[in-house]
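If you're wondering where the values come from, they're calculated on a predicted model, not measured in any experiment. When reading the values below, keep in mind they use all heavy atoms of this one structure, side chains included, and skip hydrogens, waters and symmetry mates.
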Number of protein chains: 2
Amino acid sequence: MATRERRSQRRTEALSRERIVEAAIELLDAEGEGGLTFRALTQRLATGPGAIYWHVANKGELLDAATDAVIAAALAGEPAGPAGSPQDAIRAVAFGLFDAIDDHPWLATQLATQLSRGPGGPVAPRIFESIGRQVRALGVPEDNWFTATSALMHYILGAAGQNAANARGVESDVDRAEFLGAVAKAWEELDPDDYPFTRAVAEQLREHDDREQFLAGIDLVLAGIATLRLPGR
Amino acid sequence: MATRERRSQRRTEALSRERIVEAAIELLDAEGEGGLTFRALTQRLATGPGAIYWHVANKGELLDAATDAVIAAALAGEPAGPAGSPQDAIRAVAFGLFDAIDDHPWLATQLATQLSRGPGGPVAPRIFESIGRQVRALGVPEDNWFTATSALMHYILGAAGQNAANARGVESDVDRAEFLGAVAKAWEELDPDDYPFTRAVAEQLREHDDREQFLAGIDLVLAGIATLRLPGR
DNA sequence: ACCTGAACACCGTTCAAGT
DNA sequence: ACCTGAACACCGTTCAAGT
């Protein structure tokens with residue numbers, strides 16, 4: 001609750017783009033997408049809106065910078081060192097993104113927004129590169145690099161984003177079970193004529209383990225990619 | 001341009017939730033996410049904000065209803081009739097969603113937002129059911145229904161959303177080539193040490209065909225699903 | 001070069017009042 | 001039951017003025 005920590009303590013460090021982005025991330029984490037306003041930001045940074053606009057063009061740019069900072073940190077784990085198999089490296093990248101979206105649920109929407117604006121921004125190449133290197137290491141023929149990397153990336157971001165919903169505002173395992181139980185119940189109460197499949201799958205939703213399920217999807221896509229490999233390799 | 005068509009013509013049909021949702025979709029299509037405001041809506045419907053709030057709880061609900069209406073229409077194509085193979089049926093569903101997002105680019109963000117709020121809304125079961133039925137018809141073992149359907153759904157929505165960027169505000173094939181060329185150029189100018197893979201793939205980005213690429217991804221996931229099939233079937 | 005803070009235009013939402 | 005429209009609180013952004 002304590003909505004206003006560090007409210008009017010005098011600012012010691014000078015304002016900077018990094019400091020502003022950091023404060024924006026804190027606000028987004030604490031209060032969700034709606035929590036990032038210039039007024040909350042000026043209060044937390046003990047400054048005025050003009051000062052922020054000196055370092056950042058507008059709110060959209062700030063949101064993009066916050067997204068990029070979190071994604072860059074999430075992908076900074078593996079320093080290109082040849083550790084295990086490419087498959088394991090892909091799983092590591094996937095769980096890095098999974099955890100980032102779990103910790104910062106606002107990323108789900110933000111990533112979709114940014115990617116649907118085109119691969120122009122810095123985020124798309126970052127994710128694409130991390131996954132693509134391992135796709136190449138897998139021995140996938142070059143013609144299929146784009147397809148294989150895209151399939152992995154979209155599954156990872158989509159599944160991680162949907163998963164974040166299960167953890168949102170959930171404090172304990174009991175809360176989680178309660179939440180999933182409620183959704184499963186809603187699915188079971190759908191019209192039997194219109195939703196036979198969804199009803200049949202409701203029980204799996206109730207009992208599933210998030211990370212295990214996520215991993216199963218990764219391995220499914222990896223199995224598809226394996227069929228692309230040239231016989232020679 | 002002509003921002004204000006049908007501005008103050010007297011309203012003939014009575015206001016209704018359907019009419020409001022229809023107007024909201026028109027505004028979103030014409031002006032993007034930022035174009036949907038209650039003021040634009042009241043003008044287009046020749047009414048006041050209070051009248052809209054009588055039929056709709058708030059803006060979020062209106063956005064959800066608009067999303068649901070478009071998705072429902074996109075999935076209404078196949079009437080469960082046994083036409084071709086399950087694979088073809090999945091491709092048909094996928095292209096239905098692809099075209100819907102292409103026609104209504106605001107869907108990309110909106111779907112991500114709605115799905116990341118959990119499978120509670122009406123949209124998630126709709127998409128899940130359309131794809132899942134065909135997954136079942138494919139002979140996938142029941143334990144893998146959720147995984148297989150999720151993998152397909154996330155690839156379809158993610159790839160279609162990213163694709164919509166290529167078509168955004170693009171009027172001709174020349175525009176499209178220009179846009180893709182610019183992105184490919186940006187990719188080619190990335191740091192060679194940090195982005196070797198992305199640079200290598202830039203050329204594929206320039207020359208690719210959207211629908212062909214999308215289909216290749218579907219078939220990749222389908223190949224992965226095929227490895228799940230029980231030997232017996 | 002960097003920051004202040006009042007002011008502006010615009011937004012979602014409410015509500016007393018009408019029919 | 002359904003609609004009107006003024007009003008409220010809040011938002012992103014600008015800009016003349018300061019240091």
Side-chain angles (χ1 to χ4, degrees), chain A residues 1 3-4 6-28 30-67 106 109-110 113-114 117, chain B residues 1 3-4 6-28 30-67 106 109-110 113-114 117:
Chain A
M1 303 310 128
T3 308
R4 55 194 69 198
R6 68 167 92 176
R7 48 187 159 201
S8 52
Q9 71 184 195
R10 205 180 208 96
R11 196 172 63 240
T12 60
E13 19 175 8
L15 213 52
S16 68
R17 191 182 158 93
E18 291 72 40
R19 181 72 199 92
I20 294 171
V21 170
E22 182 190 321
I25 293 170
E26 289 166 9
L27 278 171
L28 288 164
E31 326 247 4
E33 325 233 3
L36 179 59
T37 65
F38 274 82
R39 278 162 181 80
L41 214 44
T42 55
Q43 184 190 302
R44 181 170 275 248
L45 294 168
T47 184
I52 295 173
Y53 277 94
W54 177 260
H55 296 276
V56 159
N58 52 45
K59 187 175 180 178
E61 190 186 294
L62 182 53
L63 235 13
D64 287 354
T67 303
W106 49 273
T109 301
Q110 199 50 38
T113 307
Q114 212 159 324
R117 275 205 313 262
Chain B
M1 303 308 135
T3 308
R4 55 194 68 200
R6 69 165 90 175
R7 51 188 156 199
S8 51
Q9 70 181 198
R10 203 178 208 98
R11 196 172 63 241
T12 59
E13 18 175 10
L15 213 50
S16 67
R17 192 182 157 93
E18 291 71 40
R19 181 73 198 92
I20 294 171
V21 170
E22 182 189 323
I25 293 171
E26 289 167 8
L27 278 170
L28 287 164
E31 327 247 5
E33 324 233 4
L36 178 60
T37 66
F38 275 82
R39 278 162 181 80
L41 214 44
T42 54
Q43 184 188 302
R44 182 170 276 249
L45 293 168
T47 182
I52 295 174
Y53 277 94
W54 178 260
H55 296 275
V56 159
N58 52 43
K59 189 176 178 178
E61 190 186 294
L62 182 53
L63 234 14
D64 286 354
T67 303
W106 48 274
T109 301
Q110 199 50 37
T113 306
Q114 212 159 323
R117 274 204 314 260

Task: Trace of the side-chain contact (heavy atoms from CB on, under 4.5 Å) decision for A/Ile25 with A/Trp106 - done: CA-CA 10 Å; A/Ile25 293 170; A/Trp106 49 273; 4.2 Å; yes
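When all heavy atoms of A/Val21 and A/Ala66 are compared, the pair lying nearest together is CG1-CA, 3.8 Å. Pairing each heavy atom of A/Ala51 with each of A/Thr47, the nearest pair is CB-OG1, 3.0 Å.
Distances from the side chain of B/Trp54 to the nucleotides C/dC3, D/dA1, C/dG5 place D/dA1 closest. In this structure, the nucleotide among D/dC3, D/dT13, D/dC11 sitting nearest to the side chain of A/Thr37 is D/dC11. Of the candidates C/dT13, D/dG12, D/dC3, D/dG12 carries the atom nearest the A/Phe38 side chain, counting heavy atoms from C-beta on. Of the listed nucleotides (C/dT4, D/dG12, D/dC3), C/dT4 has the atom at the smallest distance from the side chain of A/Ala51.
Atom CG of A/Asn58 and atom C1' of C/dA9 are 17 Å apart (whole Å). Here the C1' atom of nucleotide C/dG12 and the CG atom of B/Leu27 are 15 Å apart, to the nearest Å. A/Lys59 places its NZ atom 9 Å from the P atom of D/dC11, with the value rounded to the nearest Å. Atom P of nucleotide D/dT13 and atom CD of A/Glu61 are separated by 11 Å, given to the nearest angstrom. With rounding to whole Å, B/Leu63 atom CG is found 10 Å from C/dG12 atom P. Residue A/Tyr53 contributes atom OH, which lies 21 Å from atom P of D/dA17 at whole-angstrom precision. Atom CD of B/Gln43 and atom C1' of C/dC11 are 15 Å apart (whole Å). For the pair B/Leu15 CG and D/dC2 C1', the interatomic distance rounds to 9 Å; values are reported in whole Å.
Nucleotides of DNA chain D nearest to A/Gly50 and A/Arg39 differ in position, and the one nearer the 5' end is that of A/Arg39.
A 3.5 Å limit on both hydrogen-bonding distances identifies no Watson-Crick or G-U partner for C/dA17. The nucleotide D/dC3 finds no pairing partner, because no Watson-Crick or G-U wobble arrangement with both distances shorter than 3.5 Å includes it. As the counterpart of C/dG12, D/dC8 is assigned, both hydrogen-bonding distances of the Watson-Crick or G-U wobble pattern falling under 3.5 Å.
Here the side chain of A/Lys59 pairs a donor or acceptor atom with the backbone of A/Leu36 at under 3.5 angstrom. The closest donor-acceptor contact from the side chain of A/Thr42 to the backbone of A/Arg39 lies under 3.5 Å.
At the phosphate of D/dA1, neither OP1 nor OP2 sits under 4.0 Å from any side-chain N or O atom of B/His55.
For the P atom pair drawn from C/dC2 and D/dA17, the interatomic distance equals 22 Å after rounding to whole Å.
Within 4.0 Å of B/Leu41, counting heavy atoms only, lies no atom of the nucleic acid at all. B/Leu62 comes within 4.0 angstrom of nothing in the nucleic acid, heavy atoms only.
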